[in-house]
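Values reported hereafter were calculated over all heavy atoms of this structure, with side chains retained and with hydrogens, waters and symmetry mates removed. Order of listing sets the numbers, starting from 1, for every ligand and every atom in it.
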Amino acid sequence: MASPIYSIVVPVYNEEENLPELYQRLTTILEGVGEEYEVIFVDDGSIDRTLSLLREYHDKNPSFRYISFARNFGHQVAVTAGLNFVNGKAIVVMDADLQDPPELLFELLQQWRDGYQVVYAQRVSRQQESWFKRLTAYVFYRVLRRLTDVAIPTDSGDFCLMDRAVVDVLNGMPERNRYIRGLRAWVGFRQTSVKFSRSPRFAGTVKYTFRKSLSLAIDGIMSFSKVPLRLATYLGLLSAGMALVMVFLVLYWRLFYPNSPLIGATIITIAIFFLGAVQLVCIGILGEYIGRIYEEVKGRPLYTVKEVSGYDGASAPLRERI
Ligand code: UDP
Ligand code: MG
């Protein structure tokens, strides 16, 4: 098979209800584009019929390949694995639940042909997502922007097109904490956006639980900002300032209201709790960074693969690295 021009990477975790529709739509669109392509499904340790569907698609059309993880490693790792395996010159990452409309491929490819190396899809609206998700996402992207030096675009997830050159840089990055949308912004190159409105999930339930989303958000901040570390310094300065004010306050009270119950136990209790809280928060923040250092130095493989298809002989790209 000739080397593909386009590669589509799709992380999939228990998406049996969405795969038939996705397969249909992707086939129609990619056949319409009319160049050599490959679709790489990364099965992130699904426990439903996902893997057998992927096998079926590969048998029907060898351009549909898959990598199957030995367990669930998470969305960002699944995308990373997909990028490790792609052969194409232009690589598109999209979700399996059809929230990222495959039809946008035409626009993404057009921008790439116009010379952009990263074309990320930016959502202008999110239909039918809960107000809570919309609000937290809105606030998060703006906080992240303020905290980091890298201009991580707001309201854009992992749905994007990347040129081979960008993917090579991403694949060469040794870090284990893969906050893809951040790394993608970090690499630079010519970037542009394409606006789209995010449709609701075609079927099935959300695989990103609130906990997973929160952990992704913390990963984003911790991997791209040292500002939280500075928080300890600021809080220390604040406490020092408050201590100074307190000295005068207590002296004043002692002199003018010697019998006031405010001095003594109350004020001491407040001070102990306040300082205790400040210290624990700061230790927690330090812990976040130390935990990440630990993850990095252990140097374990990012994922374990139990099955791949469509990668025989010379076309096996980065398999040796696993
Ligand atoms: N996904 C995955 N591993 C996970 C969770 C999700 O590969 O542990 C995939 C999922 O199958 C989907 C994409 O990541 O293709 C986005 O997940 P979801 O739609 O649940 O999250 P959203 O971003 O829409 O909130
Ligand atoms: Mg989704």
- Contact check: Asp95 to the Mg ion (ligand 2), N/O/S below 2.8 Å: no
- Item | Heavy atom of the protein closest to atom 19 (O) of ligand 1 (residue, atom name, distance) | Asp97 OD2, 2.6 Å
- Query: What about Val278 and Leu238, same hydrophobic cluster or not, with Ile/Leu/Val/Met/Phe/Trp/Tyr joined at side-chain heavy-atom distances under 4.5 Å?
  - Reply: yes
- Message: Heavy atom to atom 3 (N) of ligand 1, shortest distance: which of Val77, Leu216, Asp44, Asp100 holds it?
- Response: Asp44
- Item | Atoms of ligand 1 close to Asn72 [distance to a heavy atom under 4.0 angstrom, numbered from 1] | 3 (N), 4 (C), 8 (O)
- Query: Is the closest heavy atom of Met94 to ligand 1 under 4.0 Å?
  - Reply: no
- Per-residue contact class, Glu15 against ligand 1 - non-hydrogen pairs under 4.0 Å: side chain
- Verify the cluster assignment for Ile268 and Val250: are they in a single hydrophobic cluster under the rule of side-chain heavy atoms below 4.5 Å apart? yes
- Please state which protein non-hydrogen atom is closest to atom 5 (C) of ligand 1 and give its distance, to 0.1 Å? Lys207 CB, 3.6 Å
- Message: Which atom name would you report as the N, O or S atom of Asp97 nearest the Mg ion (ligand 2)?
- Response: OD2
- Would you mind listing which atoms of ligand 1 come within a distance below 4.0 Å of any non-hydrogen atom of Gly74? 3 (N), 8 (O)
- Item | Test log, rule side-chain contact (heavy atoms from CB on, under 4.5 Å), inputs Phe224 and Leu183 | CA-CA 9 Å; Phe224 284 91; Leu183 296 174; 3.8 Å; yes
- Please determine if Ala78 has a nitrogen or oxygen closer than 3.5 Å to a nitrogen or oxygen of ligand 1. no
- Plane angle bin for Tyr252 and Phe256 - parallel if under 30°, tilted between 30 and 60°, otherwise perpendicular: tilted
